[in-house]
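Structure, as structure tokens:
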Amino acid sequence: MKILEERIRQEGLVLPGNVLKVNQFLNHQIDPDLMLDIGKEFVKLFGEQKITKILTVESSGIAPAIMTGLLLHVPVLFARKQKSSTMPNELYSAKVYSYTKKIENTITVESKFLPASDHVLIIDDFLANGEAVNGLLKICQQANAQVVGVGIAIEKSFQAGAKRITDQGIHLESLAKIASFADNQVHFVGENYNG
Ligand code: 5GP
């Protein structure tokens with residue numbers, strides 16, 4: 001997705017540990033027009049299939065997820081990282097090791113919002129080692145819900161996540177694919193780089 005790649009190039013900051021900071025439009029301040037364009041792209045890629053729910057994890061997955069849900073007119077469910085006191089005991093949960101925070105979270109979803117009849121499109125902001133998406137897949141398994149596919153805004157293709165998901169036979173689509181952060185620059189998959 002050209003416009004997303006351009007924004008990453010212009011505004012992204014490569015931090016130590018292969019972390020890309022995009023706080024100008026995705027992870028802190030959010031650009032709603034760009035999020036809407038991302039939603040439209042996911043609809044192009046997955047919209048032919050039956051989708052009854054969008055599933056993501058708080059907090060940075062919510063913006064692209066909600067735009068996709070808006071365009072498809074389906075509810076958007078986000079897994080929580082901390083158990084809320086307002087949530088009852090009927091939960092689906094999975095342990096997720098956070099790439100950026102280096103801590104393990106238990107993500108949870110209230111079971112009544114994910115019936116077995118659901119056809120789920122999983123959306124997230126970044127794909128690194130696939131921990132977050134794998135946790136969401138485990139939650140869908142617990143619910144016996146069908147996973148239609150996984151849509152990612154920014155995939156770091158040099159990390160293990162993409163293979164981990166596609167090896168399970170799951171349809172993965174990523175809108176910007178990063179091949180490397182060599183020389184502290186963002187290099188996208190498919191572009192020529194001789195560094
Ligand atoms: P994974 O679970 O695939 O290892 O990592 C994905 C999750 O970690 C995403 O939900 C995202 O919040 C966070 N993450 C991973 N890599 C990056 C990165 O380079 N930049 C930012 N901002 N978040 C990242």
Side-chain angles (χ1 to χ4, degrees), residues 1 4-32 34-35 38-39 42 54-69 76-82 92-109 120-141 147 149-189:
M1 186 183 174
L4 178 59
E5 289 184 4
E6 274 164 31
R7 294 292 294 272
I8 293 168
R9 240 190 255 285
Q10 286 161 11
E11 295 164 48
L13 202 64
V14 179
L15 301 181
N18 286 326
V19 172
L20 179 69
K21 189 171 171 182
V22 282
N23 280 8
Q24 299 244 26
F25 60 82
L26 180 57
N27 294 127
H28 192 22
Q29 176 170 268
I30 294 170
D31 180 336
L34 180 63
M35 293 304 121
I38 286 173
F42 286 138
I54 308 293
L55 177 64
T56 188
V57 57
E58 66 177 353
S59 55
S60 294
I62 295 175
I66 206 154
M67 291 305 185
T68 313
V76 177
L77 178 62
F78 65 89
R80 290 193 159 164
K81 287 179 179 159
Q82 248 138 34
Y92 300 128
S93 67
K95 288 198 164 72
V96 167
Y97 183 77
S98 164
Y99 185 85
T100 46
K101 300 197 175 81
K102 311 284 180 220
I103 50 161
E104 190 174 75
N105 289 306
T106 299
I107 60 167
T108 54
V109 155
V120 180
L121 175 61
I122 293 173
I123 299 279
D124 205 6
D125 60 339
F126 271 89
L127 180 62
N129 290 321
E131 279 285 301
V133 168
N134 217 50
L136 294 172
L137 288 170
K138 279 191 196 151
I139 281 176
C140 290
Q141 270 168 14
V147 176
V150 174
I152 298 290
I154 305 172
E155 172 189 306
K156 292 184 288 180
S157 308
F158 58 91
Q159 293 177 322
K163 187 172 185 306
R164 193 170 171 191
I165 294 164
T166 51
D167 277 356
Q168 297 177 57
I170 288 161
H171 178 191
L172 168 70
E173 296 281 358
S174 303
L175 305 186
K177 292 186 183 179
I178 296 174
S180 88
F181 291 137
D183 299 329
N184 271 348
Q185 303 286 318
V186 179
H187 304 280
F188 293 102
V189 169

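Just so you know, ligand 1 is whichever comes first in the structure, and atom 1 is the first atom listed for that ligand. Computed over heavy atoms, backbone and side chain alike; hydrogens, waters and symmetry mates excluded.
- Checked options L13, V14, T100; the residue passing with V19 is T100 (criterion: side chain to side chain contact (heavy atoms under 4.5 Å, CB included)).
- Residue contact annotation: N18 has a non-hydrogen atom under 4.0 Å from ligand 1.
- Side-chain atoms of F181 and V186, non-hydrogen and from C-beta on, do get closer than 4.5 Å to each other.
- The two residues I30 and M35 come nearest to each other via the heavy atoms CG2-CG, 3.6 Å.
- Of all the heavy atoms of K156, the ones lying under 4.0 Å from any atom of ligand 1 belong exclusively to the side chain.
- Looking from atom 8 (O) of ligand 1 to the surrounding protein, the closest heavy atom is Y99 CB, 3.9 Å.
- Shortest contact from atom 2 (O) of ligand 1 to any protein heavy atom: A132 N, 2.8 Å.
- The closest protein non-hydrogen atom to atom 20 (N) of ligand 1 is L20 O, 2.7 Å.
- Residues L127 and I165 form a side-chain contact, since some pair of their non-hydrogen atoms from C-beta on lies under 4.5 Å apart.
- Considering backbone and side-chain atoms alike, K21 places every N or O at 3.5 Å or more from each N or O of ligand 1.
- Atoms of ligand 1 lying under 4.0 Å from any heavy atom of E131, numbered from 1 in the order shown and given with element: 1 (P), 2 (O), 3 (O), 4 (O).
- Within the 4.0 Å heavy-atom criterion, the part of D124 lying near ligand 1 is the side chain and not the backbone.
- Residue contacts with ligand 1 leave out Q159, since none of its heavy atoms falls under 4.0 Å from the ligand.
- Looking at F126 next to ligand 1, no N or O pair under 3.5 Å apart turns up.
- In this structure, G130 is part of the shell of residues with a heavy atom less than 4.0 angstrom from ligand 1.
- Under the 4.5 Å side-chain criterion, counting only non-hydrogen atoms from C-beta, D31 is in contact with R7.
- Within a 6.0 Å sphere centred on NZ of K101, heavy atoms belonging to other residues, nucleotides or ligands number 12 at most.
- Contact annotation for T100 and ligand 1: only side-chain heavy atoms (C-beta onward) come within less than 4.0 Å of the ligand.
- Within a 6.0 Å radius of CG in L20, other residues, nucleotides and ligands contribute more than 12 heavy atoms.
- Residues V150 and I152 are in side-chain contact: their nearest non-hydrogen atoms beyond the backbone lie under 4.5 Å apart.
- Of the protein's non-hydrogen atoms, N129 N, 2.8 Å is the one closest to atom 4 (O) of ligand 1.
- In this structure, the side chains of F42 and I54 stay at 4.5 Å or more apart for every pair of heavy atoms.
- Scanning both residues, L4 and A176, for their nearest heavy atoms gives CD2-CB, 3.8 Å.
- The NE2 atom of H28 sits 10.5 Å away from atom OG of S59, with the distance rounded to the nearest 0.5 Å.
- Remark: minimum distance from atom 5 (O) of ligand 1 to any protein heavy atom is reached at A128 CB, 3.5 Å.
- Which of L26, I178, N27, V133 comes nearest to atom 22 (N) of ligand 1 through a heavy atom is settled by distance: it is N27.
- For ligand 1, the polar-atom distance check against V19 finds no nitrogen or oxygen pair separated by under 3.5 Å.
- Ranking protein heavy atoms by distance to atom 9 (C) of ligand 1, first place goes to D125 OD1, 3.4 Å.
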